Amino acid sequence: MSPDPTLLDDLEWRGLIAHSTDLGALREALRERSVRFYVGFDPTAPSLHLGNLVQILTARRLQNAGHTPYALVGGATGMIGDPRDSGERTLNSLDTVKEWVERVRRQIEPFLSFEGDNAATMVNNYDWTASLSTIDFLRDIGKHFPVNRMLARDVVKSRLEAGISYTEFSYVLLQSMDFLSLYRDHGVTLQFGGSDQWGNLTGGVELIRRSDGGKAHAFATPLIAKADGTKYGKTEGGALWLDPEMMSPYSFLQFWLNVEDEKVGELLRIFTFFSRDEIEEIEARHAEKPFLRAGQRALAEHVTTLVHGAEETERIQAASAALFGGGDLRGLSAGTLGAALREAGSVTVDSSGGIPGVVDLLVQTGLSKSKGEARRTIGEGGAYLNNTRIDDPEQVPTAADLIGGAWLVLRRGKKNFAGVEVR
RNA sequence: GGCAGGUUGCCCGAGCGGCCAAUGGGAGCGGACUGUAAAUCCGUCGGCUUUGCCUUCGAAGGUUCGAAUCCUUCACCUGCCA
């Protein structure tokens with residue numbers, strides 16, 4: 001099968017190419033044959049997140065177009081940690097890294113095809129790094145890295161004042177070596193990654209040229225940021241995790257549903273497999289009647305389905321519709337409401353000693369972190385029981401408040417719901 | 001190894017013996033306005049058995065009626081010198 005010649009145009013249109021080495025040469029290569037490419041993921045956490053999803057989906061786009069993916073999980077680089085502005089990383093233990101490597105690998109696999117002519121391959125850079133001797137490393141790899149150039153890199157420059165260890169400083173050598181190794185052993189000639197990886201990507205291209213006289217390509221995908229330039233994912237403990245244990249599918253869907261208007265088009269292009277025509281049609285519909293949030297809905301449904309599956313997506317869409325429907329909660333059947341609340345997050349409470357007060361319930365459901373915070377929220381008029389504002393922090397729900405004889409619906413602010421099942 | 005400076009709440013950053021749970025900004029959170037958007041305005045932002053109490057200002061000791069603020073030791077960071 002010959003590769004899809006429109007691939008690069010599509011990637012460009014989607015805004016997926018923020019930086020690149022010789023784009024003309026890459027275009028030519030991608031038209032000629034099935035290019036073996038690689039993208040790496042470091043196990044710095046038990047789960048991948050939103051930023052990694054860009055790479056995963058881009059890898060799949062390339063594979064769909066006929067190219068051959070090598071997905072690398074960084075068992076070695078994960079031991080080192082790439083430098084970031086916020087400062088030196090804490091090293092993780094070998095056991096931790098090993099466990100995370102496995103988890104990350106399992107998260108990537110469903111997105112790629114491991115069959116056919118251009119079947120994907122999973123690789124781990126620990127395999128070719130662990131046994132390398134220091135002398136070989138310094139002679140064969142280190143010799144090709146001018147320190148003056150390494151110092152000029154932004155991440156390094158910004159860290160010079162605050163301090164950067166030799167370990168993190170050397171990270172670029174490891175990642176470059178990965179590219180070289182895959183180039184030699186598997187004929188991999190293209191690497192891409194997030195734009196924060198640009199220095200590491202070009203490091204590999206350059207190493208291949210200097211050491212083997214080879215020609216390789218690299219491009220970087222854009223950073224995903226909010227319309228005002230700040231990072232996404234301040235809620236839910238810092239990041240938008242793909243692991244349903246770390247971020248519930250319900251919250252995941254809610255995230256996409258809440259995306260700013262200005263970002264909808266961009267995110268549709270990056271995170272969905274809708275065609276150009278489909279996306280332009282959605283954007284037009286959205287521009288005409290933004291209050292219908294057609295863009296957000298399409299985006300949320302598509303991405304959540306990709307990550308959590310169609311069945312789960314349907315369930316949580318129903319849950320969202322029930323909770324945000326605006327109608328009277330009592331109009332819902334206990335079954336529908338219970339199902340919705342279980343998706344949104346719920347706790348079970350034993351009423352033999354009486355139903356707890358609203359402050360305790362806010363804490364138990366996780367809507368408030370502490371009783372003080374719960375009281376504060378009530379004082380600010382931001383706490384609701386069954387969609388009715390709670391005025392009195394001493395309020396204790398009664399049997400009459402139970403919907404369908406079992407459920408209490410608590411809400412903090414406009415869109416944080418939680419259920420309490422009273423037994 | 002020496003000398004100097006630093007370590008404050010999620011982040012930045014004031015405070016330099018009582019008026020400090022600790023100024024200010026950002027983030028976060030809630031309200032109003034909206035469309036589960038954005039912008040704007042207002043409020044809030046350690047914990048609790050909440051008109052008071054408890055635990056915080058790198059760690060441990062000490063001085064004092066009283067310390068984030070003074071002293072000692074230790075740890076870490078930055079700079080200069082060796």
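If you're wondering where the values come from, they're calculated on a predicted model, not measured in any experiment.
- At a cut-off of 3.5 Å, with distance as the only test, no side-chain donor of A:Asp42 or A:Trp100 sits close to an acceptor on the other residue.
- B:C10 and B:G26 make up a base pair, with Watson-Crick or G-U wobble contacts both under 3.5 Å.
- Between A:Phe179 and A:Tyr38, the angle of the ring planes goes over 60°, which puts this pair in the perpendicular group of the 30/60° scheme.
- By the 30° and 60° cut-offs, the orientation of the rings of A:Phe417 relative to A:Phe324 is perpendicular.
- Comparing the same atom, C1', in B:U69 and in B:G6 gives a spacing of 15 Å after rounding to whole Å.
- Taking a pair to require two hydrogen-bonding distances under 3.5 Å in either a Watson-Crick or a G-U wobble arrangement, B:A67 remains unpaired.
- B:U44 and B:U49 have their C1' atoms separated by 23 Å, with the value rounded to a whole Å.
- Taking atom P on both B:C71 and B:U23, the two are 25 Å apart, rounded to the nearest angstrom.
- Taking the P atoms as reference points, B:G13 lies 14 Å from B:G58, given to the whole Å.
- Nucleic acid contact class of A:Arg411 (heavy atoms, under 4.0 Å, all strands): none.
- Only the C1' atoms considered, B:C45 is 11 Å distant from B:A27, to the nearest whole Å.
- Put simply, A:Ser370 has a side-chain N or O that comes within less than 4.0 Å of OP1 or OP2 on B:G47.
- B:C16: no Watson-Crick or G-U partner with both key distances under 3.5 Å is found in any strand.
- Figure legend. B:C33 is base-paired to no nucleotide; pairs are counted as Watson-Crick or G-U wobble with both atom distances under 3.5 Å.
- Relative orientation of the A:Trp256 and A:Phe252 rings is perpendicular, given thresholds of 30° and 60° on the angle between their planes.
- Taking atom CZ on A:Phe255 and atom P on B:A37, their separation rounds to 14 Å, with Å as the unit.
- Look at A:Lys415 and you'll find a side-chain N or O under 4.0 angstrom from OP1 or OP2 of B:A37.
- Closest approach to the A:Asn416 side chain among B:G30, B:A32, B:A38 is made by B:G30 (side chain taken as heavy atoms from C-beta onward).
- Positionally, the nearest nucleotide of RNA chain B for A:Gln296 lies more toward the 5' end than for the other of A:Gln296 and A:Arg375.
- Across all strands shown, B:G1 forms a Watson-Crick or G-U wobble pair with B:C81, both key distances being under 3.5 Å.
- A:Arg411 and A:Asn416 share no side-chain donor-acceptor pair at under 3.5 Å.
- If you take CD1 of A:Ile378 and P of B:U44, they are 17 Å apart, rounded to a whole angstrom.
- Using a 4.0 Å heavy-atom cutoff across all strands shown, A:Gly413 reaches sugar-phosphate atoms only and no base atom.
- Against the 90° criterion about 0, the sugar-base torsion of B:U51 places it in the syn range.
- We find that CG of A:Leu268 is positioned 18 Å from P of B:A37, with the value rounded to whole Å.
- A 3.5 Å limit on both hydrogen-bonding distances identifies B:A60 as the Watson-Crick or G-U partner of B:U72.
- Across all strands shown, B:A21 forms no Watson-Crick or G-U wobble pair with both key distances under 3.5 Å.
- The closest side-chain donor-acceptor pair between A:Asp4 and A:Thr6 falls under 3.5 angstrom.
- B:C10 and B:A82 have their P atoms separated by 41 Å, given to the nearest Å.
- In this structure B:C53 sits in a base pair with B:G47, meeting the Watson-Crick or G-U test at under 3.5 Å.
- The phosphate of B:G30 (OP1 or OP2) has no side-chain N or O of A:Arg376 nearer than 4.0 angstrom.
- Atom CZ in A:Phe291 sits about 19 Å away from atom P in B:C33, given to the nearest Å.
- Between A:Glu373 atom CD and B:C29 atom P the separation is 10 Å, expressed in whole Å.
- Rounded to an integer number of Å, the gap from CG of A:Leu257 to P of B:A38 is 12 Å.
- Taking atom C1' on both B:C16 and B:G5, the two are 16 Å apart, rounded to the nearest angstrom.
- Using a 4.0 Å heavy-atom distance criterion, A:Arg412 is classed as a sugar-phosphate-only contact.
- Counted by atom type alone, A:Thr313 and A:Glu301 present zero donor-acceptor pairs between their side chains at under 3.5 Å.
- If you take CH2 of A:Trp256 and C1' of B:G35, they are 20 Å apart, rounded to a whole angstrom.
- Look at NZ on A:Lys371: it is 18 Å from P on B:G46, rounded to the nearest Å.
- Nearest nucleotide to the A:Glu380 side chain, out of B:G35, B:C48, B:U44: B:U44.
- Contact annotation: A:Lys369 side-chain N/O to B:C29 OP1/OP2 distance is not under 4.0 Å.
- When the P atom is compared between B:U73 and B:G25, the two are found 39 Å apart, to the nearest whole Å.
- At the heavy-atom level, A:Tyr384 lies under 4.0 Å from the strands shown only through sugar-phosphate atoms.
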- Evaluate the ring pair (Phe, Tyr, Trp, His ring centres under 6.0 Å) criterion for residues A:Phe271 and A:His302: first the C-alpha distance (whole Å), next the side-chain angles of each, then the deciding distance (0.1 Å), finally the verdict. CA-CA 8 Å; A:Phe271 287 100; A:His302 189 97; over 10 Å; no

